[in-house]
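What follows is a set of notes on a single structure, which appears directly below.
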There are 2 protein chains.
Amino acid sequence: MSQPQQERSRATRQRLLDATIDNLAEVGWSGTTVVAVAARAGVSRGAAQHHFATRDDLVRAAVESVTDELTREMREQEAHFAEGGNRPLAVVELLTDMWAGRFGRAATQLWVAAATDPGLRALVLPLEQRFSRELFRTTAELLEVDRREPRAAESVRLTIDLTRGVGLGALLRSDLQRRKADLAQWAAVLATLPGIGS
Amino acid sequence: MSQPQQERSRATRQRLLDATIDNLAEVGWSGTTVVAVAARAGVSRGAAQHHFATRDDLVRAAVESVTDELTREMREQEAHFAEGGNRPLAVVELLTDMWAGRFGRAATQLWVAAATDPGLRALVLPLEQRFSRELFRTTAELLEVDRREPRAAESVRLTIDLTRGVGLGALLRSDLQRRKADLAQWAAVLATLPGIGS
DNA sequence: CGCAAAGCAAGCACTCCTGATTGTTTTCGG
DNA sequence: CCGAAAACAATCAGGAGTGCTTGCTTTGCG
């Protein structure tokens, strides 16, 4: 039995967005063409064009989706964060896994492409800034940061940057497992810094 | 007076390589076409094709050049490293400046593109691994690492990853100046870790 | 039941890029 | 001085992608 038309439309649009995100994560920015995305979504180019009139429209929707999903993912992790155990290590691993995930990899591809593409940059920058604030807030919350300690904010930012750097290296080298010991050391250091785990 | 032919050939080839690297750093991977590079180099497409028969050939030469130049740059920094002052901070800033530089930005663009392009990945991976070993060695040397301390190697890798993460963020946000305080904190922490500055 | 709207699909024209081919100019060696 | 080689340049054919137009099918409402 076929779907109600509006539901069918919604489903096609969602498949196109999912396909765009997967394409970004697996093929990269330059390989994310409307032709490739439509094929991966299993819809025709005419259908794709009906939903997104131009490639720019598709990309805009995908960028918004990626940052929304990353934000949602972080909030969900925060909501379900397991007490007990090594909190700094768990947070560091959470962030590292985020960058390594589907949305994290798509985001990295988009951000690097945005660095050199003015149109994409104008689109990505405000969304990335909003996401960064949310990421900072969530990470600080999970690390139980004492907001009165001025150095604590620096530690949070260092943690985020470090996991981003590890994530970037892992994109190419697929060496995340081997980085566990390094990350464990950072978590151990983090636990000793002022304002962390108050 | 025109140049000797061999010198002229060498100069054209060098201009093409320089143009490729600048294009990568400023326009990104997808915008680095032979047409764009030849225009930036101020040579015709025929001339470009004479020196590099295919785009793959040009890219291969550029990848080798980028990793060679980054390696040379690190060795030069090592040779001219100024004694006195805050050594960990100086090293952290040195690494951060490297990623922010022309070769560092081109390298980041290449590495991210290589993550999703199998042909480019096969080319980039061995060179990146060689460069990473050199970078580790140089950084450890500059930090005066005690090789007997097992945790020290982790600290070196964390330092490299952190500056890479900061560099990635700075590609998009141009916020390097504002990160100085964070990096200063890492340098302060680094100085306290076992095996650093022995 | 019929018609309009929406969703989907096919085809066209244009642009850009690459690799190959052909042609021109410059340089160098015999 | 001449011819060959190298450096450089112009052109062509084909492929890929985008945006637009036209056409078909399905759905829903009056």
Side-chain angles (χ1 to χ4, degrees), chain A residues 1-20 22-24 26-63 109-110 113 116-120 123, chain B residues 1-20 22-24 26-63 109-110 113 116-120 123:
Chain A
M1 187 69 69
S2 68
Q3 298 166 304
Q5 184 128 300
Q6 263 183 341
E7 175 53 27
R8 190 178 168 202
S9 172
R10 196 206 59 77
T12 302
R13 192 173 194 279
Q14 191 57 54
R15 272 159 61 202
L16 282 163
L17 284 177
D18 286 344
T20 305
D22 286 336
N23 222 76
L24 282 163
E26 294 167 32
V27 185
W29 170 250
S30 63
T32 301
T33 65
V34 175
V35 173
V37 164
R40 183 186 287 256
V43 309
S44 66
R45 279 199 43 241
Q49 182 151 36
H50 175 77
H51 290 276
F52 301 98
T54 64
R55 180 175 184 267
D56 275 359
D57 285 346
L58 179 63
V59 164
R60 177 177 303 113
V63 168
Q109 292 284 342
L110 280 169
T116 51
D117 180 322
L120 182 60
L123 174 62
Chain B
M1 189 71 68
S2 71
Q3 297 166 302
Q5 185 128 301
Q6 263 183 340
E7 175 53 27
R8 190 177 168 200
S9 175
R10 196 206 60 77
T12 302
R13 190 173 194 281
Q14 191 57 54
R15 273 160 59 203
L16 282 163
L17 284 177
D18 287 344
T20 305
D22 286 338
N23 222 77
L24 281 164
E26 294 167 32
V27 184
W29 169 248
S30 63
T32 301
T33 64
V34 175
V35 172
V37 165
R40 184 187 286 259
V43 311
S44 67
R45 280 205 40 246
Q49 183 153 32
H50 173 75
H51 289 275
F52 301 98
T54 66
R55 180 176 185 266
D56 276 357
D57 285 345
L58 179 64
V59 164
R60 175 177 302 112
V63 169
Q109 293 285 342
L110 280 168
T116 51
D117 179 323
L120 183 61
L123 174 61

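Below, chains carry the letters A, B, ... as their sequence lines are ordered, and counting in each starts from 1. Computed from a prediction, not measured in an experiment: that's the story for all the values here.
Phosphate contact (OP1/OP2 of C:dG7, side-chain N/O of A:S9, threshold under 4.0 Å): present. Look at B:H50 and you won't find any side-chain N or O under 4.0 angstrom from OP1 or OP2 of D:dC8. In this structure, A:T12 does not reach the C:dG7 phosphate: none of its side-chain N or O atoms is under 4.0 Å from OP1 or OP2.
Rounded to a whole Å, the CZ atom of A:F52 is 14 Å from the C1' atom of C:dG7. Between the CZ atom of B:R55 and the C1' atom of C:dA20 there is a distance of 18 Å, rounded to whole Å. Look at CG on B:D57: it is 13 Å from C1' on C:dT18, rounded to the nearest Å. Rounded to whole Å, atom P of D:dA7 lies 14 Å from atom CZ of B:R15.
Using a distance-only test at 3.5 Å, with no hydrogens or angles considered, a donor-acceptor pair links the side chain of A:R15 to the main chain of A:A41.
Here the straight-line distance linking atom NE2 of B:H51 with atom CZ of B:R10 works out to 11.0 Å at 0.5 Å rounding.
Here the side chain of A:Q49 is nearest to one of D:dT21, C:dC8, C:dG19, namely D:dT21. Distances from the side chain of B:R8 to the nucleotides C:dA9, D:dA10, C:dT27 place C:dT27 closest.
Side-chain atoms of B:Q6 stay outside donor-acceptor range of the base of D:dA6, with no qualifying N/O pair under 3.5 Å.
Checking each of A:T32, A:N23, A:V35 against A:R40 for a side chain to side chain contact (heavy atoms under 4.5 Å, CB included) leaves exactly one that passes, namely A:N23.
Within 4.0 Å of B:S44, counting heavy atoms only, lies at least one base atom of the nucleic acid.
Take the nearest nucleotide of DNA chain C for A:R45 and for A:H51: the residue whose nucleotide is more 5' is A:H51.
Using a 4.0 Å cut-off between charged side-chain N and carboxylate O, B:R60 and B:D57 make a salt bridge.
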